[in-house]
Amino acid sequence: GNSVTQMEGPVTLSEEAFLTINCTYTATGYPSLFWYVQYPGEGLQLLLKATKADDKGSNKGFEATYRKETTSFHLEKGSVQVSDSAVYFCALRSSNSGYALNFGKGTSLLVTP
Amino acid sequence: EAEVAQSPRYKITEKSQAVAFWCDPISGHATLYWYRQILGQGPELLVQFQDESVVDDSQLPKDRFSAERLKGVDSTLKIQPAELGDSAMYLCASSHRDRGGEQYFGPGTRLTVT
C-alpha cells in the first residue's frame with residue numbers, strides 16, 4: 001500500500017538558517033505529492049504540491065521537487081523565520097486510494113530568534 | 001474566503017458515552033473526508049463521501065463509529081460508546097467534485113475521553 005516516511009523531529013533552527021525536512025514515499029502508479037503545515041491551534045493548510053515527476057512545488061519561500069528516481073519530496077527553505085514554527089506533514093494521493101491523502105507522521109519545527 | 005466548519009472545537013466525554021461531531025464543507029464541494037489524527041501522528045482517513053454516498057469506510061471501526069451525509073452537504077461523525085483510545089483530533093476536509101481536487105481542512109474537533 002501507499003506510505004510516507006518523513007524525518008522525525010523536533011527540528012530546532014535559528015532564524016535565517018537553512019531548512020530541509022526529508023520525505024520519502026512508497027506508492028503504486030503516479031501519486032501526487034503534498035506538503036501541509038499545521039500552525040498551533042489551527043487546521044492543516046496546503047503549503048505546496050507537485051503532481052508529476054520533476055515538478056517543483058513552491059510557496060512562501062518553501063520548495064520541494066518530486067523525485068521519482070529516489071521516491072522523495074524533500075521540503076527546503078533558504079532562510080526560516082520564527083513564524084515558520086509549525087508541524088509539517090508530507091502526504092501523497094493516488095487514484096488507487098480513492099484520492100484520500102496518506103500522511104507522514106509530521107515533523108515539528110521550532111525557529112528561535 | 002470559504003472555509004470548512006467543524007463543531008465543537010473541543011469535547012471531553014467519559015468512556016462509554018456517545019459523542020458526535022459535525023462538519024459543514026465548503027459550498028459546492030461534493031467530496032467530504034473525515035480523518036483522525038492521534039497526537040504525534042499524521043491524519044488517517046476514517047471515511048470518504050462522494051455526495052451522500054460512502055466511497056471508502058474501510059478504516060472506520062464500524063462497531064462503534066458511524067458517519068452520515070444525508071443530503072450530500074453537511075456530515076456527522078458519531079462514536080458510541082467512546083473508548084479511551086478514541087482521544088484524538090478529528091479533522092474534516094472537502095474537495096470539489098473532481099476527486100483529484102485540492103482538499104481543504106477544517107480546524108478539527110479535539111476529543112478527550114476520560
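Scope of the values below: all heavy atoms of this structure, side chains included, with no hydrogens, waters or symmetry mates. Lettering follows sequence order; numbering is per chain, from 1.
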(message) Looking at B/Gln59, I'd like to know if its CD atom is crowded, meaning that more than 12 non-hydrogen atoms belonging to other residues, nucleotides or ligands lie closer than 6.0 Å.
(response) no
(message) Same cluster or not: B/Tyr33 versus B/Ile38, using hydrophobic residues (I, L, V, M, F, W, Y) connected whenever any side-chain heavy atoms lie under 4.5 Å apart?
(response) no
(request) Let me see the working for A/Leu101 and B/Tyr35 under side-chain contact (heavy atoms from CB on, under 4.5 Å), right down to the final yes or no. (result) CA-CA 9 Å; A/Leu101 290 162; B/Tyr35 291 87; 3.6 Å; yes
(message) Would you say that more than 12 heavy atoms from the other residues, nucleotides or ligands in this model lie under 6.0 Å from the NZ of A/Lys56, or not?
(response) no
(message) Under 4.5 Å from any heavy atom of chain A, what part of B/Arg110 do you find: side chain, backbone, both or neither?
(response) neither
(request) May I ask you to check whether over 12 heavy atoms, not counting those of B/Glu14, lie within 6.0 Å of atom CD? (result) no
(request) Take atom NZ of B/Lys15 as the centre, draw a 6.0 Å sphere, and report whether it contains more than 12 heavy atoms from other residues, nucleotides or ligands. (result) no
(request) Side chain from CB out, backbone as N, CA, C, O: work out which of these in A/Gln38 comes under 4.5 Å of a heavy atom of chain B, or both, or neither. (result) side chain
(message) Restricting to non-hydrogen atoms, name the atom on A/Phe89 and the atom on B/Gln37 that form the minimum distance, rounded to 0.1 Å.
(response) CZ-NE2, 3.2 Å
(request) Return the minimal non-hydrogen interatomic distance between B/Gln103 and A/Ala100, and the atom names on each side. (result) NE2-CA, 4.0 Å
